[in-house]
J.: 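I have a structure here, written as C-alpha cells, and I will follow up with some questions on it.
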Amino acid sequence: MAKVEKKLVKSKSGYKMVTVDERITSPFTIDEPPWTPDYACSNCQNGECHIKFDFLKRKHHCRRCGQCFCDDCCNSLIELPRMCFIDPVRHCKGCAIISKRESEFFDKHLRILLDGGRFLLRSDCDIDEGDLVVTSDRACVCTLSVDHRYLEFKGDTQEQENIAVQKITSVEVTGPEQDGQGHGVTIHYTDAGGEAAWLKMDVDDTSGQRQQSMSWLAALIKAFKLMPGSQQASSSP
Ligand SMILES: [Zn+2]
Ligand SMILES: [Zn+2]
C-alpha cells in the first residue's frame, strides 16, 4: 500500500498532522475532548489541589481530558501522538501518566507491528462443512498495514483475509502446548461480512525469527488495549 497522505492542520491546542482522507485515520487516534468552559470552574479540578482561580491563579486546560487546572497541576508538556499533535502539549498529572505509558507503544511497538512477524495460522475457515479440521497450519507473514487499520497476511499457501483492527473483539493469549512449544494468540473479530470469526496465530518456530514474532504478539496485545472499549486482553494460564 502507498504511503498515507497527511496534512498539517491547526486546532485550538496546536498543530496536528492528520490523514488527508479521514476515512483512513489510524484506529489508535482519539478525538480532542471538549474543554470545560471557563465559567463552569472556579477552582482547580485536581481534587487534591482545588485552589481558587483569580487574576493571579490562571486556568489551563489539559489537552488530553479537557479539564481545567492551575499551572502547578497542569504544567507537563508531553507528546500526544494519539491526537496527532506534532509538538508536546499541556497535560494534567493523571493524563501525563497515561500518555507517558502510551508513548512506548508509539515509539516501539507500532514499529514492530509494521515490521511483521512469522506465524502459523489456523482459522474457522480451515474447518469444512463436515467439521474436518485441516491439519497443516498455514505459514504466513503478518504485518500491520501502513495506515494501521488492518492486519495483513502474506503467505504462499491459502489466502487469509485482512482483519480490521477496529473489528477485533478479543485477543486470547495461548500458552505453550504440552510439548512446551508454541506461543500464540487467538484473535476473535468480526469479518468483512459482519460474521464473528477467529484466527489462531502461533509463532513459527522454524522461521529463525522467533524473537521478532514473539515481540510482534506482545505489541499486538498492547495495540488491542488501546482500542476504545477493549481494555482487557484475556489470557489463559
Ligand atoms: Zn488531563
Ligand atoms: Zn491545581
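Numbering starts at 1 and runs along the sequence shown. None of these values were measured; they are calculated from a predicted model. Each ligand, and each atom within it, is numbered from 1 in the order the structure gives.
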J.: State, to the nearest 10 degrees, the angle whose vertex is the Zn ion (ligand 2) and whose arms point to SG of Cys73 and SG of Cys49.
T.: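 Rounding to the nearest 10 degrees gives 100°.
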J.: Is the Zn ion (ligand 2) less than 2.8 Å from at least one N/O/S atom of His50?
T.: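 Here the distance criterion (N, O or S atom, under 2.8 Å) is not met by His50, so no.
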J.: Does the ring of Tyr15 carry Lys10 above it, NZ/CZ under 6.0 angstrom from centre and within 45° of its axis?
T.: yes
J.: Rounded to 10 degrees, what angle sits at the Zn ion (ligand 2) between Cys70 SG and Cys44 SG?
T.: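 Vertex the Zn ion (ligand 2), arms to SG of Cys70 and SG of Cys44: 120°.
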J.: Keeping to residues at least two apart or across chains, list the ring pair (Phe, Tyr, Trp, His ring centres under 6.0 Å) pairs with something in residues 101-124.
T.: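 Matches after skipping sequence neighbours: Phe28-Phe105, Phe119-Trp216.
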J.: For this output row, return yes or no: ring centroids of His61 and Trp35 closer than 6.0 angstrom.
T.: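 That pair passes the under 6.0 Å test.
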J.: For Ile30, which fellow cluster members are found when Ile, Leu, Val, Met, Phe, Trp and Tyr are connected by side-chain heavy-atom distances below 4.5 angstrom, either directly or through intermediates?
T.: Leu80, Met83, Phe85, Val89
J.: Under 2.8 Å from the Zn ion (ligand 1), protein N/O/S atom count?
T.: 4
J.: Answer yes if the side chains of His91 and Ser76 hold a donor-acceptor pair under 3.5 Å, and no otherwise.
T.: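 His91 vs Ser76: no donor-acceptor pair found between side chains.
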J.: Residues sharing Val9's hydrophobic cluster, by side-chain heavy-atom contacts under 4.5 Å among ILVMFWY, directly or via others?
T.: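 Val9 shares its hydrophobic cluster with Val18.
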J.: Distance-only, no hydrogens or angles: does the Ser13 side chain make a donor-acceptor pair with backbone N or O of Arg63 under 3.5 Å?
T.: no
